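Here is the structure we will look at.
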Amino acid sequence: MGDRYYVFQFVDAWTNNFAYIGQRSIGGNGGKFVITSADYEGELPEGYTQITAPTLFMEIVGRIAVTDEADLQNVKALQVNLHLYQMNKEAKPAGIPTATGDNDMIFWNKFKAYFNESHYAQRYQPLIDKYSTLGIFDGNISDDAKQALLAAPKTG
């Protein structure tokens with residue numbers, strides 16, 4: 001990328017930034033990286049730098065500076081050289097968890113499914129404790145708690 005500003009921001013399932021690759025962190029010569037789960041214990045490919053994702057679901061938000069309309073083709077030429085591969089080509093990605101059950105409660109069912117698959121930051125513990133009293137995580141949601149959960153998006 002040379003002297004051009006760029007950054008790739010790594011974001012976990014709870015929208016926490018956990019890594020950056022960019023002009024300011026590694027310079028303009030690029031590099032090779034492998035993204036692994038927090039519990040990964042295997043070998044890393046030679047010459048690669050490990051980035052450990054704290055949750056099983058994550059995203060990469062990439063930005064490359066474009067100076068003007070004429071520069072756009074230069075950036076497109078750089079983008080062709082960006083690659084993301086699966087280390088084990090035979091492994092089947094787990095995908096995003098699915099939620100089942102009551103359609104009225106689909107948001108909370110998805111929340112539970114994602115929660116079960118993603119470690120959360122300690123700072124969320126008070127929120128988790130609060131939600132636990134509603135029965136979200138153990139599936140024992142009372143009728144009163146269900147009504148409160150259904151009303152929450154409307155009442156804030």
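From a predicted model like this one, the values you see are computed outputs, not experimental measurements.
The nearest pair of heavy atoms linking Ser118 to Phe57 is OG-CD1, 3.2 Å. In this structure, Gln79 and Ile64 approach most closely via the heavy-atom pair CG-CD1, 3.9 Å. Between Gln23 and Asp3, the shortest heavy-atom contact is OE1-C, 4.1 Å. Shown here for Glu43 and Met87, the closest heavy-atom pair between the two residues is O-CE, 4.3 Å. Of all heavy-atom pairs between Asp71 and Ala65, the closest is OD2-O, 4.0 Å. The shortest non-hydrogen separation linking Leu150 to Asp104 is CD2-O, 3.0 Å.
In this structure, Tyr114 has its ring center no closer than 6.0 Å to that of Trp14.
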Report the C-alpha separation of Phe8 and Leu82 in whole Å, then their side-chain angles, then the decisive distance to 0.1 Å, and conclude whether the side-chain contact (heavy atoms from CB on, under 4.5 Å) test is met.
-> CA-CA 11 Å; Phe8 294 93; Leu82 302 174; 3.6 Å; yes

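Phe115 places a side-chain heavy atom less than 4.5 Å from the side chain of Ile128. Looking at heavy atoms from C-beta onward, Ile141 lies in side-chain contact with Leu149 at the 4.5 angstrom threshold. The shortest side-chain heavy-atom distance between Glu59 and Gln9 does not fall under the 4.5 Å cut-off. Ile26 places a side-chain heavy atom less than 4.5 Å from the side chain of Tyr6.
Distance OG1/Thr52 to CD1/Ile35: 10.5 Å, rounded to 0.5 Å.
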